[in-house]
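Here's the structure we're looking at; comments come further down.
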Amino acid sequence: MKIVVGLSGGVDSSVAAYLLQQQGHEVIGLFMRNWNDASVTLEDECPWIEDSNDALLVAKKLGIPFQVIDMSELYKERIVDYMFAEYEKGRTPNPDVLCNREVKLDVFLETALSLGADKVATGHYARVERLSNGRYAIRNSATAAKDQTYALYNLTQDQLSKTLMPVGEYTKDQIRAMADEIGLLVAHKPDSQDICFVSDGDYASYIEENSDAKITPGNFVLSDGTVV
C-alpha cells in the first residue's frame with residue numbers, strides 16, 4: 001500500500017513513517033508549509049524552515065521520497081481568517097481542530113491521493129477503528145497523557161477511511177525510545193505547542209494588530225446563558 005505521511009519535522013510523524021515502512025508499505029514524506037509571514041511572528045516561534053529541514057533529514061534516514069507543499073495561502077484563508085471572524089462574533093475558536101479537518105485531512109489528503117497514495121498517515125495520538133457496521137470511529141490512544149482525539153472529533157467518514165495514526169498504539173516514551181534506537185535526529189526534539197503564528201500565545205494582541213476586532217473584558221457564558 002502506498003501511504004503519504006505528513007512529516008512535520010517532529011518525532012511523532014517521523015516514527016509513524018518508520019512504523020509504516022516496517023509494515024512493508026511504500027511510504028512518501030510530505031511536509032506542509034502552513035505559515036510564511038515573518039512580519040507577524042517571531043522566527044523562533046514558528047521555525048518552519050528548521051522543521052522542514054528536520055523532516056527532510058528524517059526522510060533521508062528512512063530512505064523515502066520527500067516533498068514540500070506550500071499551503072500558507074489556504075491556511076490563512078481557512079484557519080487564520082476563520083479565527084478572526086469567530087473572535088469578532090464573541091466566540092472562542094479552536095484553530096487546531098479546524099486545521100485537522102480543513103487542511104491536514106482535506107487538501108493534504110487530496111494532494112496525497114493525486115500522488116497515487118492509497119491512504120495518508122499522521123503522528124496524532126489517536127486510533128482509527130472500523131466498526132462492525134462499516135463506519136469508522138476515533139478511539140483513544142494508548143496514553144491518556146498525549147491523547148489527541150479531542151482535536152479530531154469532526155473528521156468525516158471519508159477522511160477517517162483513508163487515514164492511519166500508527167503512533168496511537170504507543171506511549172510518548174516508547175515513541176522517543178524507538179526514534180532513539182533507529183538514530184532519528186528528532187528523537188528528543190521538544191513537542192510543538194499551539195498554533196505557531198501567535199507570538200508568545202498572546203491572542204488578544206495578535207488579533208487587535210491584524211484585524212478590525214477589539215478585545216474587551218467579558219464573562220464566560222454557558223450555552224443556556226449561565227455566567228460562570
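If you read the sequence from its start, that first residue is 1, and numbering goes on from there.
In this structure the side chain of Lys104 reaches within 4.5 angstrom of the side chain of Cys99, judged on heavy atoms. Residues Lys2 and Ile28 meet the side-chain proximity criterion, which asks for heavy atoms closer than 4.5 Å. Side-chain contact between Tyr125 and Ile175 is present, with heavy atoms from C-beta onward closer than 4.5 Å.
Between Arg139 and Asp147 there is no salt bridge, since no side-chain N of the basic residue sits under 4.0 Å from a carboxylate O of the acidic one. Ion pairing of Lys172 with Asp191 is present here, as a side-chain N (NZ or NE/NH1/NH2) and a carboxylate O approach within less than 4.0 Å. Under 4.0 Å is where a charged nitrogen must lie from a carboxylate oxygen, and between Asp12 and Lys146 no such pair does. Comment: Asp96 does not engage Arg101 in a salt bridge, judged by the lack of any side-chain N to carboxylate O separation of less than 4.0 angstrom. Ion pairing between Asp180 and Arg176 fails under the 4.0 Å rule for side-chain N and carboxylate O.
Annotation: the span from Lys76 atom NZ to Met83 atom CE amounts to 10.5 Å, rounded to 0.5 Å. Atom CD of Gln23 sits about 8.0 Å away from atom CG of Leu164, to the nearest 0.5 Å. The structure places CD of Glu86 at 5.5 Å from NZ of Lys89, a figure rounded to the nearest 0.5 Å. How far OH of Tyr136 is from OG1 of Thr163: 10.0 Å, rounded to the nearest 0.5 Å. Separating the CE atom in Met1 from the NZ atom in Lys119 is a distance of 5.5 Å, to the nearest 0.5 Å. Here the straight-line distance linking atom OH of Tyr18 with atom CE of Met178 works out to 7.5 Å at 0.5 Å rounding.
Across all non-hydrogen atoms, the minimal contact from Gln21 to Ile64 is NE2-CG2, 3.5 Å. For the residue pair Met71 and Ile69, the shortest heavy atom distance occurs at CE-CD1, 3.2 Å. Here the closest heavy-atom approach between residue Asp54 and residue Gly9 is recorded as CB-O, 3.7 Å. In plain terms, the two heavy atoms of Val120 and Ala112 that are nearest each other are CG1-CB, 3.3 Å. Looking at every heavy atom in both residues, Leu30 comes nearest to Phe108 through CD2-CE1, 3.5 Å. Here the closest heavy-atom approach between residue Ser13 and residue Gly6 is recorded as CB-O, 3.3 Å.
Taking hydrophobic clusters as Ile, Leu, Val, Met, Phe, Trp and Tyr residues chained together by side-chain heavy-atom distances below 4.5 Å, Leu57 shares a cluster with Ile182. Follow the hydrophobic side-chain contacts under 4.5 Å out from Leu113 and you reach Val128 in the same cluster. There is no path of hydrophobic side-chain contacts, each under 4.5 Å, that joins Ile138 to Val97. The cluster map of Ile, Leu, Val, Met, Phe, Trp and Tyr, joined by side-chain heavy atoms under 4.5 Å apart, puts Leu152 and Val107 in the same cluster. Val11 and Leu185 fall within a single hydrophobic cluster, where Ile, Leu, Val, Met, Phe, Trp and Tyr side chains are chained together by heavy-atom contacts under 4.5 Å.
In this structure, Glu181 places its CD atom where only 12 or fewer heavy-atom neighbours from other residues, nucleotides or ligands lie under 6.0 Å away.
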Worked verdict on Lys189 versus Asp51 for side-chain contact (heavy atoms from CB on, under 4.5 Å): CA-CA 10 Å; Lys189 186 175 180 179; Asp51 288 340; 2.7 Å; yes
side-chain hydrogen bond (donor to acceptor under 3.5 Å, both in side chains) between Asp224 and Thr226, worked out: CA-CA 6 Å; Asp224 63 5; Thr226 302; 2.8 Å; yes
CA sep, side-chain torsions, deciding dist, call: Gln157, Leu160, side-chain contact (heavy atoms from CB on, under 4.5 Å): CA-CA 5 Å; Gln157 285 294 298; Leu160 290 174; 4.1 Å; yes
Criterion side-chain contact (heavy atoms from CB on, under 4.5 Å) on Phe220 and Val227, from CA distance to verdict: CA-CA 6 Å; Phe220 282 98; Val227 176; over 6 Å; no
Evaluation steps, side-chain contact (heavy atoms from CB on, under 4.5 Å), between Arg127 and Glu169: CA-CA 7 Å; Arg127 290 181 275 202; Glu169 303 291 339; 3.0 Å; yes
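At distances below 3.5 Å, at least one donor-acceptor pair connects side-chain atoms of Gln174 with backbone N or O atoms of Thr171.
Between the side chains of His124 and Asn100, at least one donor N or O sits under 3.5 Å from an acceptor N or O.
With respect to His25, the side-chain contact (heavy atoms from CB on, under 4.5 Å) criterion is satisfied by exactly one of Asp118, Leu20, Val5: Leu20.
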